[in-house]
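Following: one structure in structure tokens, then a few remarks.
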Amino acid sequence: SPLVAMATLYPGGVLRPTECLYSPAGIAQLCVRAHGMLELKQAKGASNLQRLWASHTMQPVFRNASLALGQDGSLQIVPQVGACQSCEAFSWGISPVVNSDAPIRLEVRDSCDFALLSSTGEVWTSNTMCEDTSNMWAVLLGMPLAVLGLSLLLLGIWALCFFRGSRRC
């Protein structure tokens, strides 16, 4: 998907289909998919992404929809012009109550969440966080199969030698 080289969307800003906002270090990305779903994903390696949150807006009316941050701080998935007669029935959005003198922005953060923020603080958040990849099973499952297979083979040889009491291993 095309890179939008920022982690923040300001009022009046639009994220178009297949565009993404990336967190400052590139750990998280918020993307509008061509089928209309808004997704937050965590990067877990060069080509591996884990979905952490989704809007679940895949109805036909949302194909090629955009994400828009209104001047009033509302965040909405907006169907493509002419996609429907009565789009109010097919809307998705967040309309926080914000002090009118506090400008609002949408930020994607390295903690794997995205939030609507004003100058006075956090207004809304996705309440998601990065998944921990430090445990042994996550590391083993993320290994290439050849490395995992070789590790298991060496472990088997060691176990065979250990239980036979052989000193030549």
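Just so we're clear, the structure is a prediction, and the values are computed from it rather than from any experiment. Values below: every heavy atom of this structure, side chains too, minus hydrogens, waters and symmetry copies.
- Expressed to the nearest 0.5 Å, how far CZ of R109 lies from CG of L21 amounts to 13.5 Å.
- Two residues are said to be in side-chain contact when any heavy atoms from C-beta on lie closer than 4.5 Å; V32 and S66 fail this criterion.
- A distance of 7.5 Å separates CH2 in W53 from OG in S126, rounded to the nearest 0.5 Å.
- Closest approach of L69 and R105 over heavy atoms only: CD2-CA, 3.9 Å.
- Taking 4.0 Å as the cut-off between side-chain N and carboxylate O, E39 and K41 count as a salt-bridged pair.
- A distance of 4.5 Å separates CD1 in I104 from CG in L116, rounded to the nearest 0.5 Å.
- Closest approach of L67 to L9, counting heavy atoms only: O-CD2, 4.4 Å.
- Shown here for D110 and G26, the closest heavy-atom pair between the two residues is OD1-N, 3.9 Å.
- A distance of 5.5 Å separates CG of L75 from CG of L106, quoted to the nearest 0.5 Å.
- Nearest heavy atom pair, residue C112 against residue L40, reads O-CD2, 3.3 Å.
- A pairwise comparison of heavy atoms in L117 and E107 identifies CD1-OE1, 3.2 Å as the closest pair.
- Checking each of T128, N127, L52 against D113 for a side chain to side chain contact (heavy atoms under 4.5 Å, CB included) leaves exactly one that passes, namely T128.
- When hydrophobic clusters are built by joining Ile, Leu, Val, Met, Phe, Trp and Tyr residues whose side-chain heavy atoms come closer than 4.5 Å, directly or via intermediates, V78 is not grouped with W124.
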Start with the C-alpha distance between N48 and Q42, add both sets of side-chain angles, then the distance that settles side-chain contact (heavy atoms from CB on, under 4.5 Å), and finish with yes or no.
-> CA-CA 9 Å; N48 190 10; Q42 175 185 353; over 6 Å; no
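- When all heavy atoms of G36 and T57 are compared, the pair lying nearest together is O-OG1, 2.7 Å.
- In this structure, CG in L38 is found 10.5 Å from NE2 in H56, a value given to the nearest 0.5 Å.
- In this structure, CG on L15 lies 7.0 Å from SG on C20, to the nearest 0.5 angstrom.
- Look at E19 and R33 and you find no salt bridge, because none of the NZ, NE, NH1 or NH2 atoms lies under 4.0 Å from a carboxylate O.
- For S111 (side chain) and M129 (main-chain N/O), no donor-acceptor pair under 3.5 Å exists by modelled atom type.
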